[in-house]
Amino acid sequence: MNKPANTSNQDIPVGSINLSDPSRFENYTWPETFARVREEDPVHFIEDSPFGPFWSITKFKDIVFVDSNHKLFSSEPFIIIGDPNVPSNNFISMDPPKHDVQRKAVQGVVAPKNLAEFESLIRERTQKVLDGLPLGEPIDWVQHVSKELTSLMLATLFGLPLEEREKLPYWSDMATSSPGVAGNTSVSDDVRQAGLDECLSRFIQLWHETLDKESSFNLISLLQKSDDTKDMINDLEEYLGNILLLIVGGNDTTRNSMTGGVYAMNKFPEQFDKLKANPELIPNMVSEIIRWQTPLAHMRRIATQDVELGGKTIKKGDKVVMWYISGNRDTDVIENADDFIVDRKNARQHLSFGFGVHRCMGNRLAEMQLRILWEEILLRFDKIELLQEPKRVESNFVHGYENMMVKVSAL
Ligand code: HEM
């Protein structure tokens, strides 16, 4: 396994550990730190952090409890640890009933019937991307495969012309890379604002282009067809907020699972051998990738009343952070949780898609994209060799990869 570069804050009292420090995700020291907190202080409070005081929920079952109780734990005003300086007026940051009507308006785009129609398109694109990879040469898997495939998919979901797809991961990065949101310091405020302005103006235009095309069936046309959202264009903050939710939701998450799976296969090569000998394990392995990677490290809530949890009293108004990334490594629920095991029993039992009313809307689509990717990989490649440790994202929210250099060899 990838050994953390330093110790897991063993030298400081557990109560002083700031789990939100984005560098522990970038330098991969988080597994040991969270293991210590799960053991010593699973419902953990810190008074003083760059994001103010907050509770950390680190055990699997406690996370399920918080996530399933939206009346005790509100998603408003925002679901990321920091307080946003990007538009956050969207349905993931709303409680029922407003949440429910907005989600209902767009969820048809990932309904089973529509997913079945996507399958051949996704396969065709995956084949093309994999067939275009140069054999035996260093390539960045993030750029050539993960970003490319997720952007193509998202462009289709929005009805955005495919030649504009590269903008989608850029806008997604602008939405998530903010010191106030997730601790990222790599993008200046001006650059981020310019990116978000560009995103909004393109999507205003796309709204009108979609109105002109009667036959459209995509996220924008669904917003236009629902009585509850047909006027969303008149509230630009809410419109951009929802567009960014869908861009981030569909982009970073699936993208980082596509990269995380290849990384995991290199760290646990015997698992790749097992998979090659038993391709029927692919659907199970897809769930295991999503658990092991945990592309979104956390979601946050605000307590609506005093709540007892793990012997502590969470006070009304307190910020509560559910660390999915930690719950997914909780050995009380998941055996050998640090290991990547393609034939793990109960692989679907993970936290990566959340629980309750906000449970991921695109989970079946993401699983399908990953299943097809691995089916096509096994038909072509003997090996996808990691050439060096990947560069990871500096963020306590998006748990992923900036780049990952690999070399592919044919069967
Ligand atoms: C492996 C891929 C994915 C992961 C790990 C993931 C993870 C998550 C998580 C953790 C949540 C919040 C759950 C909660 O608060 O309980 C969520 C919500 C959401 N996801 Fe995903 N997601 C993925 C793929 C996608 C895709 C492909 C889409 C695009 C269609 C998408 C759209 C959404 C939306 C719209 C929400 C908000 C749902 C609501 O508030 O009701 N996700 N996702």
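Both ligands and their constituent atoms are indexed starting at 1 by order of listing.
Using a cut-off of 4.0 Å between Lys/Arg side-chain N and Asp/Glu carboxylate O, Lys147 and Glu166 are scored as not salt-bridged. Glu238 has a carboxylate O that lies under 4.0 Å from a charged side-chain N of Lys98, or vice versa, which qualifies the two as a salt bridge. One finds no salt bridge joining Lys345 and Glu335 here, because no Lys/Arg side-chain nitrogen approaches an Asp/Glu carboxylate oxygen to under 4.0 Å.
Because its NZ or CZ atom is not both nearer than 6.0 Å to the ring centre of Tyr401 and within 45° of the ring axis, Arg255 does not count as a cation-pi partner of that residue. The cationic group of Lys71 does not satisfy the cation-pi geometry with Phe73, failing either the under 6.0 Å distance to the six-membered ring centre or the 45° limit from the ring axis.
Under the 3.5 Å distance criterion, the side-chain polar atoms of Gln271 are matched with a main-chain donor or acceptor of Val342. Within the 3.5 Å criterion, the main-chain N or O of Phe78 finds a donor-acceptor partner in the side chain of Arg300. Remark: side-chain polar atoms of Ser74 are not paired, donor with acceptor, to backbone N or O of His70 under 3.5 angstrom.
The ligand atoms of ligand 1 that sit less than 4.0 angstrom from a heavy atom of Asp67 are 14 (C), 15 (O), 16 (O). Remark: ligand 1 atoms within the under-4.0 Å shell around heavy atoms of Ser257 are 1 (C). The atoms of ligand 1 that sit less than 4.0 Å from any heavy atom of Val357 are 41 (O). Each of the atoms 35 (C) of ligand 1 lies under 4.0 Å from some heavy atom of Leu246. Taking a cut-off of under 4.0 Å to the non-hydrogen atoms of Phe355, the atoms of ligand 1 that pass are 16 (O). With ligand atoms numbered from 1 in the order given, ligand 1 contributes 10 (C), 13 (C), 14 (C), 15 (O), 16 (O) to contacts under 4.0 Å with heavy atoms of Tyr324.
Only the side chain of Arg103 comes within 4.0 Å of ligand 1, counting heavy atoms alone; its backbone N, CA, C and O stay farther away. Contacts with ligand 1 closer than 4.0 Å are made by side-chain heavy atoms of Arg301 only, the backbone lying farther away. Residue contacts with ligand 1 for His99 involve side-chain atoms from C-beta outward but no N, CA, C or O (heavy atoms, distance under 4.0 Å).
The protein heavy atom nearest to atom 13 (C) of ligand 1 is His358 O, 3.1 Å. Atom 10 (C) of ligand 1 has as its closest protein heavy atom Ser352 O, 3.2 Å. Nearest to atom 11 (C) of ligand 1 among the protein's heavy atoms is Met299 CE, 3.9 Å.
In this structure, a donor-acceptor pair under 3.5 Å is absent between the side chains of Asn363 and Glu367.
Between Trp30 and Phe34, the ring planes are perpendicular. Angles over 60° get that label, and only those under 30° would be called parallel. Ring geometry for Tyr239 against Phe203 counts as perpendicular: the plane angle is over 60°, on a 0 to 90° scale with 30° as the lower cut. Relative ring orientation between Trp292 and Phe268 is described as perpendicular, the plane-to-plane angle rising above 60° on a 0-90° scale split at 30° and 60°.
Proximity of Val109 to ligand 1 is not established, as no heavy-atom distance is less than 4.0 Å. A heavy-atom separation below 4.0 Å is found between Pro295 and ligand 1.
Backbone and side-chain nitrogen or oxygen atoms of Thr254 are examined, and none is located within less than 3.5 angstrom of a nitrogen or oxygen of ligand 1.
Here atom 21 (Fe) of ligand 1 has protein N, O or S atoms under 2.8 Å from it, and they come to 1.
If you take CG on Leu206 and OG on Ser201, they are separated by 11.5 Å, rounding to the nearest 0.5 Å.
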